Amino acid sequence: MPELPEVQTIINGLNSKVLGKEITKIIELRPGTVYRQFPITSLDNIISISRKGKYIILQTSSNYKLIIHLRMTGKLIFENDLTKTSNHARAEIVFSDKTKLIFDDVRTFGKIQILKFNEEVPALINLGVEPLSEEFNIIYLKNKLKNRKAPIKNALLDQTVIAGLGNIYVAEILFRAKVHPATSANNIKSTKLERIVSETKIILREAIKHNGTTISDYRNVEDKTGEFQNFLKVYGKKICKCGAMIQKIKQAGRTTYFCEECQR
DNA sequence: AAGTAGACTTGGGGGA
DNA sequence: ATCGCCCAAGTCTACT
């Protein structure tokens, strides 16, 4: 799915398009997309739009919130015309001013949860630090990784270590930090950990500036692609800028791209 | 406890 | 051109 920069781009779009709007109904077009623990009876305004890791949180004025996860192929598309729809619309959030958000998701992994405002979700409670916050520093990372023998690639994908990284950005981070993805997490030198921390922040900020990375499905709320795919150095590449072939290996079921020459 | 294969699901692309 | 196999931005569960 969308990783942190893509989700942040969507948050920015939602803030300009739907903040303050009144929700009249939430339509589930495919069963299993929307989890409701209670019926929504009143009309509610969206009073805040934020993100934790890759989770989108819409807080409403009358004590409930929507937690949306896009997983691999989910999109939130703002639409001015209520009669319009999209190929894989799974749910719609309809507003009183005759606009709506379409939740479109080819692979149907994405979900919308409707929760009481103070209700917590285990996945959200257990999230690690935000990589762009000051809490994400070498002391934190060293402590989190000290007992982990698994490859650094797997550890950085673990949302309870850092919230928001995914397969593309972890590959790019390790490439720029010059760390081999199979290195045991607890066996990385401090200078390299420092590089991982600093490159993570740099890459994520750059990617947000370019509206995220579109490999295939990701779109922002205006149904537009991101541009950061033009700046990737290793993910999906065949040849490294050093001239060596980019290697592809499987780690924890995911494909890892890396350069044997540059990442040691 | 840590680590990982499998499951969920649809569609696009390279190859026979 | 068709068929069918492999692959994909993520995370939860169940097993060793």
Side-chain angles (χ1 to χ4, degrees), chain A residues 1-11 29-33 35 51-56 67-77 86-91 103-113 121-128 131 143-174 181-187 203-204 207-208 210-220 223-232 234-238 246 248-257:
Chain A
M1 125 155 163
E3 306 179 31
L4 188 151
E6 293 74 45
V7 176
Q8 185 61 50
T9 303
I10 289 167
I11 295 294
L29 299 169
R30 181 190 159 104
T33 306
Y35 287 92
R51 162 191 81 64
K52 271 191 179 177
K54 303 171 193 171
Y55 293 82
I56 295 165
I67 297 187
I68 304 174
H69 200 301
L70 304 171
R71 296 289 185 110
M72 304 276 266
T73 56
K75 308 172 192 176
L76 282 174
I77 307 298
S86 65
N87 283 350
H88 308 288
R90 306 305 185 195
F103 181 73
D104 183 284
D105 186 10
V106 173
R107 288 169 68 183
T108 73
F109 292 170
K111 296 286 177 273
I112 298 176
Q113 285 183 279
V121 195
L124 274 157
I125 296 167
N126 295 330
L127 286 178
N143 188 48
K144 271 284 184 184
L145 300 183
K146 68 182 177 198
N147 293 322
R148 303 191 61 136
K149 240 178 75 198
I152 183 66
K153 163 79 188 307
N154 303 19
L156 294 179
L157 277 179
D158 184 340
Q159 301 299 298
T160 70
V161 175
I162 306 166
L165 301 183
N167 207 34
I168 296 175
Y169 291 105
V170 168
E172 294 297 316
I173 289 161
L174 292 176
T183 316
S184 290
N186 62 359
N187 204 20
I203 289 168
L204 294 179
I208 291 168
H210 293 284
N211 304 308
T213 300
T214 298
I215 298 294
S216 61
D217 294 283
Y218 164 69
R219 299 291 185 278
N220 68 14
D223 207 13
K224 296 208 172 89
T225 65
E227 300 91 45
F228 195 69
Q229 62 277 12
N230 300 318
F231 301 90
L232 298 177
V234 69
Y235 182 89
K237 302 294 174 190
K238 291 203 159 55
I246 297 291
K248 275 207 287 188
I249 55 171
K250 282 278 179 211
Q251 292 183 291
R254 322 286 307 275
T255 301
T256 302
Y257 291 83

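In what follows, chains carry the letters A, B, and so on, assigned in the order in which the sequence lines appear, proteins first and then strands, with residues in each chain numbered from 1. All values derive from a computational prediction rather than experimental measurement.
A donor-acceptor contact closer than 3.5 angstrom links the side chains of Glu6(A) and Tyr169(A). Between the side chains of Thr256(A) and Gln251(A), at least one donor-acceptor pair of N or O atoms lies under 3.5 Å.
Residue His69(A) has its side chain nearest to dG10(C) when only dG10(C), dT4(B), dA8(C) are considered. Listed nucleotides: dC12(C), dG3(B), dA8(C). Nearest to the side chain of Arg107(A): dA8(C). With distances taken from any side-chain atom of Thr108(A) to the nucleotides dT10(B), dT4(B), dG10(C), the minimum falls on dT10(B). Nearest to the side chain of Tyr235(A), among dT4(B), dG10(C), dA8(C), sits dA8(C).
Nucleotides dT9(B) and dA14(C) are separated by 16 Å at their P atoms, to the nearest Å. Comparing the P positions of dA16(B) and dC7(C) gives a spacing of 15 Å, expressed to the nearest Å. Atom name P, nucleotides dC6(C) and dG6(B): the rounded distance is 14 Å, in whole Å. Nucleotides dG11(B) and dC12(C) place their C1' atoms 23 Å apart, quoted to the nearest Å.
In this entry dA1(B) has no Watson-Crick or G-U wobble partner, no candidate having both defining distances under 3.5 Å. In this structure, dG10(C) forms a base pair with dC8(B), meeting either the Watson-Crick or the G-U wobble geometry with both donor-acceptor distances under 3.5 Å. Base pairing annotation: dC3(C) forms a Watson-Crick or G-U wobble pair with dG15(B), both donor-acceptor distances under 3.5 Å.
Protein atom CZ of Arg51(A) is 14 Å distant from nucleotide atom P of dG10(C), rounded to whole Å. The distance from atom CG of Leu4(A) to atom P of dG10(C) is 12 Å, rounded to the nearest whole Å. At whole-Å resolution of the value, CD1 in Ile162(A) and P in dT11(C) are 13 Å apart. As rounded to whole Å, 15 Å separates atom P of dG12(B) from atom CE of Met72(A). Going from atom NZ of Lys153(A) over to atom P of dG3(B) covers 15 Å, rounded to whole Å. As a whole-Å value, the separation of Lys144(A) NZ from dG3(B) P is 13 Å. One atom, NZ of Lys111(A), and another, C1' of dA7(B), lie 13 Å apart when rounded to the nearest Å. To the nearest angstrom, C1' of dA1(B) lies 10 Å from CG of Asn147(A).
Arg30(A) has a side-chain polar atom (N or O) that falls below the 4.0 Å cut-off from OP1 or OP2 of dT10(B). For the OP1/OP2 pair of dT4(B) and a distance below 4.0 Å, the side-chain nitrogens and oxygens of Asn154(A) include at least one atom meeting the criterion. Within the structure, a side-chain polar atom (N or O) of Lys54(A) is placed less than 4.0 Å from OP1 or OP2 of dT11(C). Considering only side-chain N and O atoms, Gln159(A) lies under 4.0 angstrom from the phosphate OP1 or OP2 of dT11(C). In this model, the phosphate group of dT10(B) is not approached by any side-chain N or O of His88(A) to a distance below 4.0 Å at OP1 or OP2. Lys250(A) has a side-chain polar atom (N or O) that falls below the 4.0 Å cut-off from OP1 or OP2 of dA8(C).
Every residue two or more places apart in sequence or in another chain was checked for a side-chain hydrogen bond (donor to acceptor under 3.5 Å, both in side chains) with Thr33(A), and none qualifies.
A salt bridge links Asp158(A) with Arg148(A): at least one charged nitrogen is closer than 4.0 Å to a carboxylate oxygen.
Checking side-chain atoms of Glu227(A) against main-chain N and O of Gly212(A) turns up no donor-acceptor pair under 3.5 Å. Within the 3.5 Å criterion, the main-chain N or O of Ile10(A) finds no donor-acceptor partner in the side chain of Asn220(A). A donor-acceptor pair under 3.5 Å is absent between the side-chain atoms of Gln113(A) and the main chain of Lys111(A), judged by distance alone.
In this structure, Phe109(A) forms an aromatic stack with the base of dC8(B), since both conditions hold: centre separation below 5.5 Å and plane angle below 30°.
Contacts of Arg254(A) with the nucleic acid, taken as non-hydrogen atoms under 4.0 Å apart, include base atoms. Within 4.0 Å of Thr255(A), counting heavy atoms only, lie sugar-phosphate atoms of the nucleic acid but no base atom. Within 4.0 Å (heavy atoms only), Arg219(A) reaches no atom of the nucleic acid at all. Using a 4.0 Å heavy-atom criterion, one finds that Phe228(A) contacts no nucleic acid atom at all.
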